[in-house]
Amino acid sequence: MTEPQPTPQEFPTYRVQEFLPSFLLGWGIGVLITFGVRALADALLTTPCEGRTVLALIVPLLLGPGGLGFTAVNWRSAPRAALGLGLVVASLMPALFVGARDISKLRGSGCAGGYIVIAPAGQESISSLTLRIGESRELTGRIGGFNEQNYPGEFKLSGQGSATDIVVTLPKTAVRAGEVFPLTITAQPGSGINTYTAGVQATTVKNGRTVSADGALEINVRPAEVK
């Protein structure tokens with residue numbers, strides 16, 4: 001005599017009357033956690049930079065995977081699954097939105113570090129450049145990650161190639177945050193056919209602390225044109 005086969009579990013049916021209130025409750029709990037953690041951190045963090053990046057990321061990272069895990073465990077219970085999905089949505093809005101905005105502010109104040117955008121004049125930024133032996137290329141640079149409101153002083157510029165035959169020329173030695181400045185990169189006659197790096201650095205001192213912004217280009221040196 002054969003044993004009866006077990007009845008396969010059917011996917012539960014979620015009704016709006018059960019799903020929506022629990023979903024909104026989960027989302028509301030996520031919103032309270034987001035702004036509750038921010039309020040607590042604002043009271044505990046005494047510096048404008050330290051710990052702010054972790055604060056911006058920790059809530060969405062907890063709510064998102066946590067909400068998904070809670071939903072997976074309780075998927076057969078419509079109210080509990082809806083509660084978990086509400087937490088997931090809260091991890092995106094407002095938690096991730098607010099966190100991304102905070103990180104943007106951190107970059108603007110220099111807390112997240114600075115960078116130098118290198119580009120041909122009037123064009124998009126580039127990460128590599130091809131030069132023939134003996135050729136020079138005029139480019140522009142701009143300090144990003146700092147704003148003039150928080151860093152009103154001048155940044156001192158310096159540039160160097162990874163080999164002596166790669167020369168970075170900076171007509172200006174000091175610029176302000178956000179200011180576009182010219183630079184020239186030259187592959188000197190006698191350069192070897194190879195791949196090099198050219199770097200530009202800008203430094204300033206604020207409140208006794210040295211901060212810097214860096215930019216780099218990969219320089220591909222090719223043979224000189226035969227005329």
Side-chain angles (χ1 to χ4, degrees), residues 47-57 99-227:
T47 62
C49 297
E50 187 176 356
R52 299 290 175 174
T53 302
V54 174
L55 173 62
L57 296 176
R101 187 187 63 182
D102 288 348
I103 290 176
S104 177
K105 289 182 179 179
L106 288 174
R107 291 202 68 87
S109 62
C111 291
Y115 54 92
I116 295 179
V117 179
I118 301 176
Q123 299 183 32
E124 297 292 329
S125 63
I126 58 175
S127 59
S128 63
L129 180 68
T130 298
L131 293 176
R132 296 187 179 275
I133 295 174
E135 183 182 9
S136 296
R137 187 72 56 84
E138 294 182 356
L139 303 168
T140 62
R142 177 180 59 81
I143 299 174
F146 301 101
N147 58 46
E148 193 171 1
Q149 180 181 359
N150 293 312
Y151 289 82
E154 290 188 329
F155 286 76
K156 294 182 179 180
L157 295 176
S158 61
Q160 187 176 4
S162 59
T164 56
D165 290 330
I166 304 300
V167 178
V168 180
T169 304
L170 294 160
K172 290 186 175 182
T173 57
V175 296
R176 298 188 180 277
E179 179 182 349
V180 177
F181 57 88
L183 64 102
T184 303
I185 298 178
T186 304
Q188 297 276 53
S191 301
I193 300 171
N194 208 333
T195 299
Y196 304 91
T197 301
V200 181
Q201 185 178 59
T203 59
T204 190
V205 177
K206 182 179 180 181
N207 300 328
R209 182 172 64 97
T210 300
V211 296
S212 65
D214 300 276
L217 277 182
E218 181 183 272
I219 308 298
N220 301 305
V221 176
R222 297 293 177 257
E225 290 185 341
V226 179
K227 299 182 179 179

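Count residues from 1 along the sequence.
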**Report entry** Shortest non-hydrogen contact from Ala224 toward Arg132
**Finding:** CA-CB, 4.2 Å
Query raised in the report: Would you say Phe181 and Ile116 make side-chain contact, with heavy atoms under 4.5 Å?
Result: yes
Query - Nearest-0.5 Å distance that lies between atom OH in Tyr196 and atom CG in Asn220 - result: 10.5 Å
Report summary line: Nearest heavy-atom contact between Thr203 and Ser212 is CG2-CB, 3.7 Å
Report task. Grab the two heavy atoms, one from Ala56 and one from Asp102, that are nearest each other, plus how far apart they are. Result -> CB-CB, 4.2 Å
Query - Nearest heavy atoms of Arg137 and Leu129, plus distance in Å - result: NH1-CD1, 3.3 Å
Requested in this report: Indicate yes or no for a side-chain donor-acceptor contact from Thr184 to the backbone of Glu138 under 3.5 Å, with no hydrogens or angles considered.
Outcome: no
Requested in this report: Determine yes or no for a side-chain-to-main-chain donor-acceptor pair under 3.5 angstrom, with Arg142 supplying the side chain and Gly178 the backbone.
Outcome: no
Query raised in the report: Where the side chain of Thr204 meets the backbone of Glu154, is there a donor-acceptor pair that is under 3.5 Å apart?
Result: yes
Report summary line: The complete set of salt bridge (charged side-chain N to carboxylate O under 4.0 Å, His left out) pairs with one or both residues in residues 213-223, sequence neighbours excluded, reads none
Query raised in the report: Mind checking whether Leu139 and Pro120 have side chains closer than 4.5 Å, heavy atoms only?
Result: yes
**Report entry** Any side-chain heavy-atom pair of Ile166 and Val221 under 4.5 Å
**Finding:** yes
Report task. Would you name the heavy atoms of Ile118 and Ala216 that are closest together and state the gap between them? Result -> CD1-N, 4.2 Å
Query raised in the report: Which heavy atom in Ala198 sits nearest to a heavy atom in Val168, and how many Å separate them?
Result: CB-CG2, 3.8 Å
**Report entry** Heavy-atom side-chain contact between Ile185 and Leu217 under 4.5 Å
**Finding:** yes
Query raised in the report: In Å, rounded to the nearest 0.5 Å, how long is the span from CG of Leu170 to CD of Gln201?
Result: 11.5 Å
Query - Aromatic plane relationship, Tyr151 with Phe146 - under 30° parallel, 30 to 60° tilted, over 60° perpendicular - result: perpendicular
Requested in this report: Answer yes or no: is there a side-chain heavy-atom contact under 4.5 Å between Thr210 and Val205?
Outcome: yes
